[in-house]
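Reminder, nothing fancy here: chain letters follow the sequence lines and each chain counts from 1.
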Protein chains: 2
Amino acid sequence: MKNILILKGNIIFTKTSDRFEICKNSYIVSVNGKVEGIYKVLPEKYMDCTVEDYGDRLIIPGFVDLHLHAAQFLQCGMGMTNQLLDWLNDYTFDLERQFQDVEFAKEVYTQFADKLIANGTTRACIFASSSTKGTEVLFDILKQKGIGAYVGKVNMDRNAPDFIIETTEESIKGTKYLIEKYNNEKLVKPIITPRFAPTSTDELLEELGKLAKVYNVPVQSHLSENTDEINWVQQLFPDSRKYLDVYDKHSLFGQTPTVMAHGIYLDNSEIDKVKRNKVTLVHCPDSNINVRSGIMPLRKYLNMGIQVGLGSDIAGGHKIALNEAIVRAIQLSKLLSMNQPEYEPLSVSEAFYLGTKGGGQFFGKIGSFEEGYCFDALVIEDDRLISDRYTLKDRLERFLYIGDDRNICARYVEGNKL
Amino acid sequence: MKNILILKGNIIFTKTSDRFEICKNSYIVSVNGKVEGIYKVLPEKYMDCTVEDYGDRLIIPGFVDLHLHAAQFLQCGMGMTNQLLDWLNDYTFDLERQFQDVEFAKEVYTQFADKLIANGTTRACIFASSSTKGTEVLFDILKQKGIGAYVGKVNMDRNAPDFIIETTEESIKGTKYLIEKYNNEKLVKPIITPRFAPTSTDELLEELGKLAKVYNVPVQSHLSENTDEINWVQQLFPDSRKYLDVYDKHSLFGQTPTVMAHGIYLDNSEIDKVKRNKVTLVHCPDSNINVRSGIMPLRKYLNMGIQVGLGSDIAGGHKIALNEAIVRAIQLSKLLSMNQPEYEPLSVSEAFYLGTKGGGQFFGKIGSFEEGYCFDALVIEDDRLISDRYTLKDRLERFLYIGDDRNICARYVEGNKL
């Protein structure tokens with residue numbers, strides 16, 4: 001028996017990044033959670049179906065946040081004066097430690113999940129903490145909420161405070177436990193998550209690479225975010241020519257679907273490898289500015305055909321709402337273009353694409369309303385004063401720039417209303 | 001009979017920009033709308049007074065927005081792909097024209113005022129439109145709402161569409177009418193507002209300068225925002241050595257209190273003049289990025305002792321909430337520091353100072369909780385999960401970075417609760 005969902009409204013999405021597909025006053029039909037088609041006039045076969053008529057509202061794909069730290073949620077907007085490595089030591093590790101307390105984890109992860117969903121994210125790649133129990137709590141909360149996510153217990157076995165690292169064996173054991181428990185889930189699945197090279201021994205990375213292959217689990221980590229970090233990696237891993245080789249030699253760089261945050265400082269040979277290994281990079285504009293890492297040369301990567309998504313990267317980034325990352329990406333590209341006239345700023349459709357289909361490809365057919373794509377969607381409400389006098393494209397731009405969770409009146413993931 | 005208002009809570013303000021004054025669990029006493037003192041223990045003489053006990057909440061000065069366009073409010077977040085002069089022609093003039101319709105003005109200016117106040121602005125320097133009737137509506141709405149503001153009918157007599165400019169005579173007449181009507185008001189007062197040099201004839205500027213002097217009215221305009229604009233001014237005013245001389249020769253540059261938006265491209269002789277004439281510059285970070293004007297060299301101006309405030313500059317800037325401008329100013333300064341290591345990023349207290357006392361000095365004793373300062377204040381609420389585990393400074397930083405109107409549970413202007 002088919003599960004048919006039909007929405008009516010002003011439908012906007014990006015099939016390609018250069019333009020918006022705009023279907024005014026149209027119907028979008030989802031069958032068993034997948035887009036079946038968009039129609040100006042509803043086909044005969046659907047005439048007896050219920051239609052959720054959203055009137056003049058906008059219907060857009062849900063946002064895809066390819067990089068964020070659930071365990072840092074409480075810290076959003078604080079300690080923003082520090083650079084990366086100090087910030088980790090002064091604020092972040094101490095907060096993440098607290099997720100060993102299951103009650104704390106329940107309370108905070110619930111708030112986190114509610115906030116993430118309220119702000120329009122429908123798919124996310126999430127770092128939890130090094131605590132297996134705490135991460136299990138996050139899996140269960142996200143499952144219950146109905147959002148789609150990859151959730152990673154963070155593996156760390158050195159170069160961080162004792163209270164937050166584990167032995168290599170404990171770290172692997174906890175990861176394996178979560179994979180076995182959740183790998184057959186439909187919406188909320190495990191992802192192998194070494195924090196980053198400096199906090200991982202070779203042995204840890206080797207074992208994680210094996211788990212990735214044996215269980216066919218995706219991988220996420222950080223890459224080349226900050227120059228101090230890169231130098232540190234070179235000292236710790238003298239056998240690896242480049243930072244990404246540390247991951248690659250242990251089968252953690254594209255051997256299974258892999259997403260890497262930042263990738264700000266990559267030379268051409270590294271970019272080649274990212275491309276060849278089909279690794280997805282995540283642009284996290286707020287975080288890059290706030291912890292003064294640098295600016296990802298996004299346009300260059302896009303021109304070279306790298307797969308890129310967007311990340312809020314809370315709490316290096318302060319805003320959990322992905323439309324803020326979309327805007328900051330545009331703003332950053334404008335700033336770059338002011339110094340380098342040949343650097344073309346991101347258009348609104350390009351930035352929107354990054355935050356929907358560009359990131360969505362990591363999950364599969366997600367982030368667009370083309371036939372066969374998962375029906376993940378948001379319904380956007382704006383003021384009559386606005387809707388009466390501006391075009392649909394303007395209204396979408398406005399929502400991205402100044403909208404918040406109060407403008408999102410409905411959220412769908414694979415055809416289910418959250 | 002004295003009007004005594006006493007609040008209790010966690011009081012934070014910036015007397016100087018280098019640090020926060022933090023008075024934990026203290027009383028702040030306002031007498032007849034002015035701060036009388038802050039006390040850990042309430043003095044005997046106040047023992048019988050009602051205390052508004054805000055518990056663990058933060059009490060901070062209200063925000064001062066030194067530059068925004070009320071008539072562009074609906075346009076926030078739209079048309080952000082254009083540079084300044086195109087954006088004016090394609091979007092802005094057409095919207096501003098509509099304020100000639102008094103009913104439209106009432107509806108939109110009411111929404112604008114509510115949004116401005118909700119987001120914590122307690123004093124603002126506002127551009128209305130060229131319509132006298134429309135601007136009158138704005139004066140009356142702001143008076144009724146209880147906020148403090150300088151409101152300017154925008155003077156334009158050339159180089160813009162016919163539907164929005166006036167004859168020199170009409171423009172002066174309307175300005176004079178509003179000055180005579182509102183100049184003796186306490187909270188919402190007129191400010192002379194030539195849009196900028198290109199849309200003003202010498203005659204218009206001359207007459208406006210006279211009005212400023214005769215009625216002792218402050219002045220606001222735009223200055224050196226964009227290189228095309230500066231070139232245009234040079235063509236239009238070949239007798240003026242520099243852009244600011246156009247204003248200065250007509251007594252619109254410090255002869256009465258003057259605030260100028262942007263001032264991005266000023267050489268040392270111009271900066272000297274700004275300083276000598278005691279002109280206040282307004283840093284509008286979002287607007288500068290969005291319309292790709294450039295970045296004000298803020299640290300340089302601060303080091304040279306220029307008076308600087310912050311502006312949302314809606315709708316070149318997209319966010320009406322001034323805490324967003326505070327954050328963007330910090331972010332911009334961090335980006336500058338990444339390219340120029342000697343450029344010191346703004347601290348949180350510096351940015352907060354700009355958005356309170358730094359801008360407040362234009363209005364008088366405003367933006368601080370020192371004795372004798374107007375009691376303009378906001379009461380900030382955050383989550384128990386946050387307040388239980390973070391310092392007051394962290395909590396304030398968090399509100400600036402991720403707070404919105406929902407976190408502001410009370411607003412006061414000169415001792416009156418809005």
Test side chain to side chain contact (heavy atoms under 4.5 Å, CB included) on B:Ile289 and A:Ile330 and set out the steps.
-> CA-CA 9 Å; B:Ile289 303 170; A:Ile330 295 172; over 6 Å; no

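- For the set A:Asn339, A:Ile386, A:Leu396, A:Leu385, the count of heavy-atom pairs under 4.5 angstrom toward chain B peaks at A:Leu385.
- The two residues B:Asn290 and A:Tyr401 make their nearest non-hydrogen contact at OD1-CE2, 4.1 Å.
- Within the 4.5 angstrom heavy-atom criterion, only backbone atoms of A:Ser293 (N, CA, C, O) approach chain B.
- Counting only heavy atoms from C-beta outward, the side chains of A:Arg328 and B:Arg328 approach each other to under 4.5 Å.
- The greatest number of non-hydrogen atom pairs below 4.5 Å with chain A, out of B:Asp383, B:Ile295, B:Val348, is found for B:Asp383.
- With a 4.5 Å cut-off on side-chain heavy atoms, B:Asp286 and A:Gln331 count as touching.
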Begin with the C-alpha distance, continue with both residues' side-chain angles, and end with the deciding distance and a verdict on side chain to side chain contact (heavy atoms under 4.5 Å, CB included) for A:Lys334 and B:Val291.
-> CA-CA 9 Å; A:Lys334 284 181 174 178; B:Val291 295; over 6 Å; no

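- Interface residue A:Phe104: only side-chain heavy atoms are found under 4.5 Å from chain B.
- Distance check: B:Ile320 CD1 to A:Ile402 CD1 gives 8.5 Å after rounding to the nearest 0.5 Å.
- Expressed to the nearest 0.5 Å, how far CG of B:Asn288 lies from CG of A:Leu335 amounts to 9.5 Å.
- Classification of A:Asp94 and B:Arg389 as a salt-bridged pair fails, no side-chain N sitting under 4.0 Å from a carboxylate O.
- Interface summary for chain B: among A:Lys319, A:Arg398, A:Gln75, A:Met78, the most heavy-atom pairs under 4.5 angstrom belong to A:Met78.
- Between A:Tyr91 and B:Asp394, the side chains place a donor N or O and an acceptor N or O closer than 3.5 Å (distance only, hydrogens not considered).
- Nearest heavy-atom pair across A:Tyr390 and B:Leu95 is OH-CD2, 3.7 Å.
- Shown here is A:Lys145, whose NZ atom has more than 12 heavy atoms of other residues, nucleotides or ligands within 6.0 Å.
- With contacts defined as side-chain heavy-atom distances shorter than 4.5 Å, the pair B:Pro345/A:Arg292 qualifies.
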